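The structure under discussion appears below in the form of structure tokens.
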There are 2 protein chains.
Amino acid sequence: MERRSGCPINLSLEVFGDRWSLIILRDMIFGGVRHFRELLNGSTEGIASNILASRLKKLVELGLLTRRDDPSHKQKAIYSLTEAAIELVPVMNALGAWGSRWLPVSEELSIRAQVLDEGGDELRERFMAELREEHLGIAAGPPPGGRTVRERLREAYQEKVR
Amino acid sequence: MERRSGCPINLSLEVFGDRWSLIILRDMIFGGVRHFRELLNGSTEGIASNILASRLKKLVELGLLTRRDDPSHKQKAIYSLTEAAIELVPVMNALGAWGSRWLPVSEELSIRAQVLDEGGDELRERFMAELREEHLGIAAGPPPGGRTVRERLREAYQEKVR
DNA sequence: GTAACCACTTGCAAATCGCAATCAGTCTCG
DNA sequence: CGAGACTGATTGCGATTTGCAAGTGGTTAC
């Protein structure tokens, strides 16, 4: 990929300036999804398999994901977030908070963005620590209150659905 | 535009999920640029005029910009940021900070992102107040220290260039 | 053994992109 | 008054990207 300029916002856009890359990372970060099939069928947006394959390849090349074989199934691949991808949590937070405020979001799907935003830096740091444990094997310690951040986000969603 | 889902991150991506929309808003927010020609020639990335025209139209339709005639020149248009666009400052900040950390940015161009990030919520709020004054006519009061945030960012850049 | 599942590729039509040239109206300057 | 530059766009066109459907070679569960 050619670089149009060394501006950080421009370079970020050259990485995420498309309709799918951040959707994939969103599903991995917030949904805990690790496999091709889950990404293909899991999101409501309905990504096509060729686009998914090319984006996963690009994200691995850019150092946002790593790919390894699943020992339980020779055909299966496991994708993991790298530290660079985990540090997108504040970007996701800013983007989610902005979207919740200015776009016609559905209430159930925006509650998670709200909870994460209202939790402040502390909650986001805790979430990132849990992602590091999950994807990089770096111990995060037991979750305060017995529930992980992802569980808390999911519970907020479930409560809203009812 | 069709909506793929009501998820705030997805909807934000449907607005900004291309290579140019945020570049235009970046130049308006950080560069103080208001006219078509300035946007066309000002950025180092070199947007094509047809793309710029279509993006400006889209951003006006989405409520991120407003367009009005320039009284000094009947052919001239002035574009202004709306409150929705001004509130993208935290998104720009998060994106710029991430890019500065993980992408091969040039030092001069990333210093502004660093200054803005290190200034914390206070500096960003001040910056947004100045943008509201500039684009919405809402008084922001005199800049603390006699320099606006944009001036401070530019000075940091100039100092780095030398 | 066979049916479902796995990550991924291929073919193809449609949309979008980027570049260059062009547009008509407006302003500046001599 | 007339030449030339400037205004925000538009047009034509080839190249790239997208989205959809179907298919690939192989693995696994029953």
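What you are looking at is a predicted structure, and each value in this text was computed from that prediction instead of being measured. Proteins come first, then strands; the chains are lettered A, B, ... in the order of their sequence lines, and each starts at number 1.
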- Taking atom P of dC17(C) as reference, at what distance in whole Å does atom CD1 of I47(B) sit? 10 Å
- Task: Output all residues satisfying side-chain hydrogen bond (donor to acceptor under 3.5 Å, both in side chains) with R152(A), sequence neighbours left out; order by chain, then residue number.
- Result: none
- Query: Tell me: CD1 of I24(B) to P of dA9(D), nearest whole Å?
  - Reply: 12 Å
- Who passes side-chain hydrogen bond (donor to acceptor under 3.5 Å, both in side chains) against R112(B), sequence neighbours left out? none
- Message: Quick check on DNA chain D: between L56(B) and W20(A), whose nearest nucleotide comes earlier from the 5' end?
- Response: L56(B)
- Note on the structure: With sequence neighbours left out, the residues meeting side-chain hydrogen bond (donor to acceptor under 3.5 Å, both in side chains) with R68(B) are S80(B)
- Quickly work out the K57(A) NZ to dT10(C) C1' distance and round it to whole Å. 14 Å
- Note on the structure: The complete set of salt bridge (charged side-chain N to carboxylate O under 4.0 Å, His left out) pairs with one or both residues in residues 30-53 of chain B, sequence neighbours excluded, reads R26(B)-E45(B)
- Could you run through nucleotides 20-30 of chain D and give me one letter per nucleotide, 5' to 3': B if any protein heavy atom sits under 4.0 Å from the base, S if only the sugar-phosphate is that close, - if neither? B-B--BSSS--
All N/O donor-acceptor pairs, side-chain side in residues 97-104 of chain A, below 3.5 Å, sequence neighbours left out:
from, atom 1, to, atom 2, distance (Å)
W98(A), NE1, A84(B), O, 2.8
S100(A), OG, G96(A), O, 2.9
R101(A), NE, E87(B), OE1, 2.9
R101(A), NH2, E87(B), OE2, 3.3
W102(A), NE1, E87(B), OE1, 3.0

- Query: How long is the line joining CG of L40(B) and P of dA5(D), in whole Å?
  - Reply: 18 Å
- If only atom types and distance count, is the side chain of E118(B) paired as donor or acceptor with the main-chain N or O of V115(B) below 3.5 Å? no
- Task: Send over the distance from I78(A) CD1 to dA7(C) P, rounded to a whole Å.
- Result: 10 Å
- Item | Pairing residues for E134(A) by the side-chain hydrogen bond (donor to acceptor under 3.5 Å, both in side chains) criterion, not counting sequence neighbours | R150(A)
- Contacts of D69(A) that satisfy salt bridge (Lys or Arg N to Asp or Glu O under 4.0 Å) - sequence neighbours left out: R67(A)
- How long is the line joining CG of L39(B) and C1' of dG8(D), in whole Å? 11 Å
- Between atom CG in D69(B) and atom P in dA9(D), what is the gap in whole Å? 10 Å
- Starting at atom CZ of R55(B), determine the distance to atom P of dG8(D), rounded to an integer number of angstrom. 18 Å
- Note on the structure: Contact check, residues 27-36 of chain A vs DNA chain C, heavy-atom distance under 4.0 Å, returns H35(A), F36(A)
- Query: Would you say the side-chain atoms of R126(B) pair up with the backbone N or O of A140(B), donor to acceptor, closer than 3.5 Å?
  - Reply: yes
